[in-house]
2 protein chains.
Amino acid sequence: MVPKRRLTKDVAYYQIKQKIIYGEFNPDEVVREEQLSEMLEISRTPLRQALQMLEMEEFLIRQPNGRLKVASITKEEVEEIFQIRSMLEGSIARNAAANASSDDIKVLTEILEKLRQAYHFGYTQEFVAYGNDFHDYLAEISGLKTSVKLLSMIKDHANRYCHFVSMYGKWSNQVDEHALILEGIKNKDGAFAELAMKKHILSTLKDVINRIEDKASSKIGNTVD
Amino acid sequence: MVPKRRLTKDVAYYQIKQKIIYGEFNPDEVVREEQLSEMLEISRTPLRQALQMLEMEEFLIRQPNGRLKVASITKEEVEEIFQIRSMLEGSIARNAAANASSDDIKVLTEILEKLRQAYHFGYTQEFVAYGNDFHDYLAEISGLKTSVKLLSMIKDHANRYCHFVSMYGKWSNQVDEHALILEGIKNKDGAFAELAMKKHILSTLKDVINRIEDKASSKIGNTVD
DNA sequence: AAAGAAAAAATTGTATACAATTATACAAAT
DNA sequence: ATTTGTATAATTGTATACAATTTTTTCTTT
């Protein structure tokens with residue numbers, strides 16, 4: 001099975017989303033179709049498909065006059081997203097504990113070790129990547145398709161707010177937190193794994209908030225028109 | 001402000017979605033664009049926008065060859081959806097308890113009374129409607145935008161599985177369950193309201209499952225290709 | 001000069017034509 | 001008879017032209 005062809009709408013979707021997440025497009029900025037189609041060098045037809053997707057995910061907001069504007073995001077929304085994440089990923093951890101084979105546990109142990117190393121040597125990039133791997137693997141074996149789908153949608157929104165945070169150091173106790181979750185999974189203790197995961201997510205939220213407080217405004221973008 | 005114009009893509013989206021939810025389109029059935037554009041008497045352009053939306057919500061699944069097929073849904077997925085609902089609506093109830101004004105409580109009390117009447121007289125249609133009103137009102141005052149958005153997405157999926165259930169009677173203790181939630185809100189007892197809501201959702205799931213057991217297969221549609 | 005109306009420009013919404021891809025039918029070869 | 005290749009048809013993907021709507025500009029009237 002060769003790699004199935006990349007549809008223009010899909011690459012457009014990805015590119016525009018990245019521009020929104022990483023601030024190349026500012027919140028409340030209105031984007032026009034022609035402008036984007038020129039920028040990405042594609043026609044309006046696949047572009048509009050991409051815009052439709054982003055509208056569904058509420059990265060773009062359709063105004064009553066038909067114009068699209070980039071969504072703003074508040075600190076409160078980020079907190080809500082992490083709250084939801086803690087619930088969803090909690091369930092995932094619980095189910096993962098029930099489903100995990102010995103092979104799965106081996107893989108997870110390896111990821112955790114890599115995470116520990118990355119932290120030890122200060123490889124931030126890798127550290128974040130392995131952290132994601134850990135969560136993604138649990139999602140995979142949990143079998144909770146809907147939860148995973150919803151998670152993927154809201155995670156990107158939170159990333160928008162705190163991507164810059166992930167770059168600079170001191171993820172206080174993330175390694176230990178992951179280890180604790182894995183402990184629960186090893187012991188097939190779903191309730192334990194769920195609780196550990198919830199705590200972990202909420203602790204991550206705290207880290208994010210702290211970084212935010214240090215830095216800029218409590219809000220990206222304006223709600224006022 | 002006059003009612004903003006209905007876009008063809010939006011009505012197409014709604015119509016196709018209804019056909020999927022209420023079984024006019026069968027699970028795993030493949031739908032073609034031309035067929036739909038003739039059926040709805042619109043051109044392919046707005047139709048494809050609608051299909052894109054339904055694909056994002058996973059009512060339609062894009063196959064590797066580009067064809068779209070109607071999603072199937074398993075009993076397990078329905079159970080997962082109710083599990084997620086219980087968490088999300090639990091949070092909503094908790095926040096609603098914190099935010100509810102005395103006016104809000106008055107409105108909720110009225111809705112509950114109508115619900116009680118509808119149940120008493122066996123008006124199933126109205127009973128379901130008032131139940132939805134109650135939940136929607138809590139969602140409104142909770143201020144949890146993301147949770148509400150996610151809820152609206154998954155609810156429709158569950159409806160697909162159990163719409164036929166809602167028609168025939170005996171919602172055992174729904175009235176009392178709603179009353180209990182309202183009790184928590186009146187007392188500004190968020191934890192109580194949250195728990196009551198969670199129990200309520202899970203009890204509804206039980207009702208649905210029981211009906212399903214009585215009736216047909218445990219699964220709508222085939223996963224086998 | 002200000003307010004309103006009319007005209008022009010810009011932008012989104014829809015339809016259709018064409019290109020690329022995928023599925024089907026049928027014939028030839030083994 | 002089964003398979004393989006090729007031609008044909010069917011279907012999706014993309015581009016573009018046109019229609020409808022909204023915004024901006026201009027002009028007129030007071």
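So you know, we letter chains A, B, ... as the sequences are listed, proteins then strands, and number each from 1.
- Going from atom CZ of R48(B) over to atom P of dG13(C) covers 17 Å, rounded to whole Å.
- An OP1 or OP2 oxygen of dT12(D) is reached within less than 4.0 angstrom by no side-chain nitrogen or oxygen of R32(B).
- The distance from atom NZ of K9(A) to atom C1' of dG13(D) is 9 Å, rounded to the nearest whole Å.
- The nearest whole Å value for the distance from the CG atom in L7(A) to the P atom in dT11(D) is 18 Å.
- One atom, NZ of K69(A), and another, C1' of dT22(D), lie 17 Å apart when rounded to the nearest Å.
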Walk along nucleotides 15-22 of chain C from 5' to 3' and tag each nucleotide B, S or - by protein heavy-atom contact under 4.0 Å, base first, then sugar-phosphate. BB----SS
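- Across the protein-nucleic acid pair, R62(A) atom CZ and dT11(C) atom P stand 15 Å apart, rounded to whole Å.
- Between Q52(A) atom CD and dG13(C) atom C1' there is a gap of 12 Å when expressed in whole angstrom units.
- Backbone-only contact: V31(A) has heavy atoms under 4.0 Å from sugar-phosphate atoms and none from a base.
- Between H178(B) and H135(B), the ring planes are perpendicular. Angles over 60° get that label, and only those under 30° would be called parallel.
- Protein atom CG of L68(A) is 10 Å distant from nucleotide atom C1' of dT12(C), rounded to whole Å.
- As rounded to whole Å, 20 Å separates atom P of dA10(D) from atom CD of Q63(B).
- The closest donor-acceptor contact from the side chain of D104(B) to the backbone of S101(B) lies under 3.5 Å.
- Across all their heavy atoms, S147(B) and I84(A) have their closest contact at OG-CD1, 3.4 Å.
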May I have the step-by-step check of salt bridge (Lys or Arg N to Asp or Glu O under 4.0 Å) for E57(A) and K17(A), ending in yes or no? CA-CA 10 Å; E57(A) 291 189 326; K17(A) 188 164 159 179; 3.6 Å; yes
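- Counting only distance, with no hydrogens or angles, the side chain of D133(A) and the backbone of Y130(A) share no donor-acceptor pair below 3.5 Å.
- Between L115(B) and F127(B), the shortest heavy-atom distance links the atoms CD1-O, 3.3 Å.
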